[in-house]
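First up is the structure itself, then whatever we jot down about it.
Chain letters run A, B, ... following the sequence lines, proteins first, then strands; residues in each count from 1. Quick note: numbers below take in every heavy atom, side chains included, and nothing from hydrogens, waters or symmetry partners.
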There are 2 protein chains.
Amino acid sequence: MATLGELERAVMDLLWEHPEAMTANTLRDLLSSRPSAADQSRDTRPLAVTTVLTVLSRLEKKGLVERERSIRPHRYKAVTSRADHTAELMLEVLGSAPDREAVLARFIGTVSDGEAATLRKLLGGH
Amino acid sequence: MATLGELERAVMDLLWEHPEAMTANTLRDLLSSRPSAADQSRDTRPLAVTTVLTVLSRLEKKGLVERERSIRPHRYKAVTSRADHTAELMLEVLGSAPDREAVLARFIGTVSDGEAATLRKLLGGH
DNA sequence: TTACAGTTCTACGCCACGTAGAACTCACTC
DNA sequence: GAGTGAGTTCTACGTGGCGTAGAACTGTAA
């Protein structure tokens with residue numbers, strides 16, 4: 001499926017964290033104050049609206065974003081929740097492994113105690 | 001870290017499945033019979049050795065492959081096991097999630113019964 | 001009917017990756 | 001010790017994804 005670029009990722013994060021009333025312009029504003037990963041001497045000029053729109057279109061094409069075209073400032077929203085998306089990515093990575101159980105073993109070895117407890121609960125008894 | 005291309009992935013798979021005696025040439029031969037993902041009317045000509053070497057160098061730079069330069073046909077081997085590598089990728093995906101437990105919940109919901117049992121065992125009782 | 005916010009189209013630069021030729025090097029052979 | 005050939009390094013080209021945005025178009029509100 002999809003590996004996202006840095007900006008695409010930032011846009012998705014915003015859509016996930018502020019699911020309401022998202023227009024390209026709002027996103028632009030929010031993004032302009034983003035703590036960029038590589039913000040060494042970062043250009044602080046806000047992104048152009050077209051930039052955000054391009055990214056949104058690409059995300060739409062990838063099936064991650066949906067937009068309402070009926071209203072005029074289009075509304076953009078994420079198709080899936082971040083948790084779902086992340087879980088899907090993890091499954092995608094795992095899926096191609098012929099040695100799934102070995103992978104799971106290593107994976108499990110790294111989660112925190114609290115998370116392990118949660119997992120135990122989720123896996124149910126018996 | 002690393003998303004691998006199609007050929008890079010194929011090379012890593014070979015190194016993982018045939019850990020012994022790996023030279024660029026051997027890899028080239030093995031790769032030439034690979035069932036390529038997009039093998040619609042695929043070019044069947046074997047890869048050039050230099051192609052494989054380039055890929056190996058890139059994988060070395062990425063830290064996924066190690067080579068012995070002391071012997072003449074250099075020997076190439078994967079630095080980590082595939083299971084370790086896959087688990088690392090999964091952790092990388094999970095790591096950036098602020099809602100780890102929700103992700104884990106969805107993730108757990110999809111593994112097979114057998115794997116769930118394995119996981120339960122791995123998580124240890126109490 | 002005009003003016004402006006919002007949208008689409010097009011494009012440029014960069015970098016990763018698949019691909020490989022050209023040139024170089026090292027270990028044998030005579 | 002010069003030759004030769006397998007193996008290695010250097011360099012590079014084409015493609016495609018992504019960050020970025022101008023130019024041109026459109027729809028709504030005044």
Side-chain angles (χ1 to χ4, degrees), chain A residues 1-14 21-32 34-77, chain B residues 1-14 21-32 34-77:
Chain A
M1 198 222 294
T3 59
L4 301 182
E6 190 184 346
L7 183 53
E8 289 176 328
R9 179 77 204 175
V11 168
M12 287 310 297
D13 278 338
L14 286 181
M22 284 291 105
T23 67
N25 232 316
T26 319
L27 286 172
R28 199 269 313 267
D29 291 343
L30 290 172
L31 283 168
S32 291
R34 88 201 125 130
S36 168
D39 61 0
Q40 287 292 53
S41 71
R42 184 74 178 184
D43 190 357
T44 58
R45 175 164 42 99
L47 290 170
V49 184
T50 51
T51 299
V52 179
L53 275 163
T54 303
V55 170
L56 283 170
S57 292
R58 287 177 183 162
L59 290 171
E60 193 187 14
K61 194 177 304 176
K62 292 183 187 182
L64 293 177
V65 162
E66 216 169 39
R67 83 166 91 183
E68 280 185 66
R69 292 171 186 271
S70 47
I71 51 184
R72 207 49 230 279
H74 294 178
R75 287 277 219 72
Y76 306 88
K77 64 188 238 272
Chain B
M1 197 225 293
T3 60
L4 301 182
E6 188 184 347
L7 182 54
E8 289 175 329
R9 179 76 203 176
V11 168
M12 287 310 297
D13 278 338
L14 285 181
M22 286 289 106
T23 67
N25 234 316
T26 318
L27 287 172
R28 200 269 312 264
D29 291 342
L30 290 172
L31 282 168
S32 291
R34 88 201 124 129
S36 168
D39 61 0
Q40 287 293 54
S41 71
R42 185 74 177 183
D43 190 356
T44 58
R45 174 165 41 100
L47 290 169
V49 184
T50 50
T51 299
V52 179
L53 275 163
T54 302
V55 169
L56 283 169
S57 292
R58 287 177 183 162
L59 290 171
E60 192 187 13
K61 195 177 302 172
K62 292 184 187 180
L64 293 178
V65 163
E66 216 169 39
R67 83 165 91 184
E68 280 186 68
R69 291 169 187 273
S70 47
I71 52 183
R72 208 50 231 282
H74 294 177
R75 288 276 220 72
Y76 305 88
K77 62 189 239 271

- Please name all residues satisfying side chain to side chain contact (heavy atoms under 4.5 Å, CB included) with A:Arg58, sequence neighbours left out, ordered by chain then number. A:Glu8, A:Thr54

- Nearest-nucleotide wise, let me know which of A:Thr3 and A:Thr51 is further upstream toward the 5' end of DNA chain D. A:Thr3

- Item | Side-chain touch A:Val65/A:Met12, heavy atoms, less than 4.5 angstrom | yes

- Query: Do A:Thr23 and A:Arg28 have side-chain N/O donor and acceptor atoms under 3.5 Å apart?
  - Reply: no

- Message: For a 4.5 angstrom cut-off between non-hydrogen side-chain atoms, does A:Lys62 reach A:Leu4?
- Response: yes

- When all nucleic acid strands are considered with a 4.0 Å heavy-atom cut-off, which category describes A:Arg67: base, sugar-phosphate, or nothing? sugar-phosphate

- Atom-to-atom span, CG of A:Leu4 to C1' of D:dG19 - whole angstrom: 14 Å

- A:Arg58 atom CZ is separated from D:dG19 atom P, nearest whole Å, by 7 Å

- Task: Looking only at side-chain atoms of A:Leu7, point me to the closest of C:dG18, D:dG19, D:dT8.
- Result: D:dG19

- Message: If I take atom NE2 in residue A:His74 and atom C1' in nucleotide D:dT28, what distance separates them, rounded to the nearest angstrom?
- Response: 12 Å

- Item | Validation row: A:Leu53, A:Tyr76 side chains within 4.5 angstrom (heavy atoms) | yes

- With heavy atoms under 4.0 Å as the rule, sort A:Lys62 into base, sugar-phosphate or nothing. sugar-phosphate

- Figure out the CD/C1' separation between B:Glu6 and C:dT19, and round it to whole Å. 13 Å

- Touch class at under 4.0 angstrom, heavy-atom based, for A:Arg69 against every strand present: sugar-phosphate

- In whole angstroms, how far is the P atom of C:dT7 from the CD atom of A:Glu68? 12 Å

- Salt-bridge present (A:Glu66, A:Arg75; N to O < 4.0 Å): no

- Produce a footprint string for nucleotides 21-28 of chain C: one letter per nucleotide, 5' end first; B if the base is under 4.0 Å from any protein heavy atom, S if only the sugar-phosphate is, - if neither. BB---S--

- Item | Interatomic distance where CG belongs to B:Leu56 and C1' belongs to D:dG7 [whole Å] | 12 Å

